[in-house]
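Heads up, the thing below is written out as structure tokens.
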Amino acid sequence: MAGPFRTLTSIGPKDHGAQATLGGWVEDVRNLGGIAFLIVRQRAGTFQATVKKKSDEDLFNRASKVVRESVVAVRGTIQRNPEVRNGWELVAAAIDVLSPAAVPLPLPVADKVGADMDTRFDNRTLDLRKPGVRAIFRIRSIVTSALRSYLAGQEFVEVHTPKLAGAGAEGGATLFTTDYFGRKAYLSQSPQLYKQMLMSTGLDRVYEIAPAFRAEPSDTVRHVTEFTSFDAEVAWIERQEDFFPFLEGAIAHAVERVRSEAKAELEALQVTLKEVRIPFRRLDYSEALELLRGRGKRLRAGDDIDTEAEKLLGAAMQEQGHEIYFLTGYPTAIKPFYVMADAEEPDVSYSFDLEYKGDEMASGGQREHRYDVLLAKMKEKGLNPENFEFYLKAFRYGMPPHGGWGFGLDRFVQKLLDLPNIREAILFPRDRTRLVP
RNA sequence: GCCCCGGUGGUCUAGCGGUCUAUGAUCCCGGCCUGUCGAGCCGGGUGCUCGGGUUCGAAUCCCGACCGGGGCGCCA
């Protein structure tokens, strides 16, 4: 099927002499006096349209005046030419400006100067015209596709839980509120409660890739107020390690797919991806404290691992060849009510964080499925069970043992591609100050 | 929320009390050029975030506001 517009990738020197119409954004106009070149950008790269003054002076004059970044359709003859970058050029017979670009551009697209992040996000659609910026989102798409196909192969069901909620997940401090026909509603900060509820139904392996909202006024390169969470929950486990292979497999598969399917994008970003070896290293909390002590950082048993400690551990693991590792056995006291405590040592919980290049990618663990214990822990954490009746109901009539994780997709893409800021991995990021575009 | 740093043409920057009628690049406009591909050459164009203060004199120093970048806390 030959549409009116040909893609650059469908054309080569073999088409020598053929008529074609190509569309794109004019990246540059070079008028050399008697000959002019339009460098036109498409999804996959650029092609050159050539106009000679002596063959069509009117066309030559109009071509020379096209404003950069305008959308044009160029009709002409494909001419083989080894001197040209693609090995061919389009000798133009007609050039239509389908949509002119205004002057000046608020952001340089193909210029030799950069732009600040703020300027770029204010003009994100122009920013995304740059091949390196777009490459991030082609890769992100491969990642989500790989996660889905891997888990589908493990008999997971993809689910979608509500993002408007009448009660918070684990408290209330970090929730955005909104008006719901005169009632107070919240934007979901996590699918945690819902995916657990599903474990009581027979949909015993579920995952969800969806937005989560946090009203934390965080101001860092790894926090945004709206992020994409890759959550999963697995029932019929005996210990949390039983579901680790699913997370490991999904990540390894995603990296492999990116390595094989995004070679051009990785090159545009100047990123080399190493193969991910599974299983990942498991580092126990107490082992981590000892390791930190050896590096001059003293934490008392029960303390949370702060950012400095996290970076130190990351460096230590990296030295041992572990770019990615599980940090297991966090103190029960610093974990939410739904995590299960160790049967032998109740101060230690069946929980973990997944660390990647010094940053937290995921956290999860085995959940408390015993109704009475769950209820007691909820009260212990100062939560009112009445607000969670809808959730507790799922535990009252038979809940299998289960566990799962929440994994930050944006953060993963950031670290995978060594991006300096999580916002780079999000098309239209939302942070403390940015709500537009 | 706290701490550090910063706001100069459309964009990215130099300057950090007078000689700033503000640097350079990119961009835009005009001119030259028939093979450019980071095109080249010549000429021109646009700017000190805002409000107070210090000073003979402020882009430059001080205070405040607003905006931005980074760190911490929190976490995905």
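Each chain gets a letter, A, B and so on, in the order its sequence line appears, and its residues count up from 1. All figures in this text were calculated on a predicted structure; none of them were measured in a lab.
A close approach under 4.0 Å does not occur between any side-chain nitrogen or oxygen of A/R222 and OP1 or OP2 of B/C74. A/R68 has a side-chain polar atom (N or O) that falls below the 4.0 Å cut-off from OP1 or OP2 of B/C28. For B/A76, the OP1/OP2 oxygens have no side-chain nitrogen or oxygen of A/T228 closer than 4.0 Å. A/S363 has a side-chain polar atom (N or O) that falls below the 4.0 Å cut-off from OP1 or OP2 of B/A76. Phosphate proximity of B/G70 to A/N421: present, with a side-chain N or O under 4.0 Å from OP1 or OP2.
Each of B/U34, B/A76, B/C72 was ranked by its minimum atom distance to the side chain of A/T220; first place goes to B/C72. Side-chain proximity of A/R411 to B/G35, B/C12, B/A76: nearest is B/A76. Of the listed nucleotides (B/G10, B/G38, B/U34), B/G38 has the atom at the smallest distance from the side chain of A/R85. Here B/A76 is the nucleotide among B/G73, B/A76, B/C33 with the atom lying nearest to any side-chain atom of A/V224. Of the candidates B/G71, B/C12, B/G35, the closest approach to any side-chain atom of A/D116 belongs to B/C12. For A/D219, taking side-chain heavy atoms from C-beta onward, the closest of the listed nucleotides B/G1, B/A76, B/G10 is B/G1. Comparing B/C12, B/G70, B/G35 by their nearest atom to the side chain of A/V221 picks out B/G70. Listed nucleotides B/U36, B/A76, B/A25 differ in distance to A/H223; the shortest reach to its side chain belongs to B/A76. When the nucleotides B/C28, B/C74, B/A76 are ranked by their closest atom to the side chain of A/E360, B/A76 comes out on top. Proximity note for A/R214 (side chain, C-beta onward) versus B/C12, B/A76, B/U34: the nearest is B/A76.
A donor-acceptor contact under 3.5 Å is formed by the side chain of A/E89 with the base of B/G35. Between the side chain of A/S218 and the base of B/C75 there is no donor-acceptor pair of N/O atoms closer than 3.5 Å. One donor-acceptor pair, N or O on each side, does fall under 3.5 Å between the base of B/U36 and the side chain of A/Q48. Contact of A/R434 with B/C67 (side chain to base): no donor-acceptor pair of N or O atoms is detected under 3.5 Å.
Aromatic ring centres of A/Y325 and A/F280 lie farther apart than the 6.0 Å criterion allows. The aromatic ring centres of A/F412 and A/F407 sit less than 6.0 Å apart.
On the P atoms, B/G68 is 14 Å away from B/U8, given to the nearest whole Å. Only the P atoms considered, B/C5 is 13 Å distant from B/C61, to the nearest whole Å. Between B/G45 and B/G51, the two C1' atoms lie 30 Å apart (nearest whole Å). B/A59 sits 12 Å from B/U49 when the C1' atoms are compared, rounded to a whole Å. Taking the C1' atoms as reference points, B/G7 lies 35 Å from B/A39, given to the whole Å.
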* Can you check ring pair (Phe, Tyr, Trp, His ring centres under 6.0 Å) on A/F352 and A/Y330, steps first, answer last? -> CA-CA 7 Å; A/F352 72 92; A/Y330 271 85; 9.1 Å; no

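In this structure, A/E424 places its CD atom 10 Å from P of B/G70, rounding to the nearest Å. Summarising the geometry, the separation between CZ on A/R120 and C1' on B/G68 is reported as 14 Å, rounded to the nearest angstrom. Nucleotide B/U26 holds its C1' atom 6 Å from the CG atom of A/D111, rounded to whole Å. A/K130 places its NZ atom 13 Å from the P atom of B/U11, with the value rounded to the nearest Å. Look at CG on A/L126: it is 21 Å from P on B/U26, rounded to the nearest Å. When the P atom of B/U26 is taken as reference, atom CD of A/E27 falls 17 Å away, rounded to whole Å. Residue A/E57 contributes atom CD, which lies 13 Å from atom C1' of B/U34 at whole-angstrom precision. At whole-Å resolution of the value, CG in A/L90 and C1' in B/U36 are 16 Å apart.
Within a 6.0 Å sphere centred on CD of A/Q320, other residues, nucleotides and ligands contribute more than 12 heavy atoms. For A/E287, the CD atom is densely surrounded, since the number of other residues' heavy atoms within 6.0 Å is greater than 12.
Along RNA chain B, the nucleotide closest to A/D431 and the one closest to A/D304 are compared, and the more 5′ of them pairs with A/D431. Nucleotides of RNA chain B nearest to A/V103 and A/T433 differ in position, and the one nearer the 5' end is that of A/V103.
Pairing partner, B/A14: none, since no Watson-Crick or wobble contact has both distances short of 3.5 Å. The pairing partner recorded for B/C66 is B/G7, the criterion being a Watson-Crick or G-U wobble arrangement whose two distances lie under 3.5 angstrom. Across all strands shown, B/C2 pairs with B/G71; the Watson-Crick or G-U wobble distances both stay below 3.5 Å. Base pairing analysis places B/U34 opposite nothing; no Watson-Crick or G-U wobble pair with both distances below 3.5 Å involves it. Nucleotide B/G43 forms a pair with B/C29, judged by Watson-Crick or G-U wobble geometry with both contacts under 3.5 Å.
Under the ring-ring contact (aromatic ring centres under 6.0 Å, His included) test applied with A/F156, the options A/F246, A/F243, A/F230 reduce to a single match, A/F246.
Using modelled atom types, no side-chain atom of A/R282 and backbone atom of A/T328 make a donor-acceptor pair closer than 3.5 Å.
A/L187 has its side chain out of reach of A/L175: every pair of non-hydrogen atoms, C-beta onward, lies at least 4.5 Å apart.
No aromatic stack links A/F37 and the base of B/G35, using centre distance under 5.5 Å and interplanar angle under 30°.
Using cut-offs of 30° and 60° for the angle between ring planes, the A/F388 and A/Y391 rings count as perpendicular.
Across all strands, A/L32 comes closer than 4.0 Å to base atoms (heavy-atom distances).
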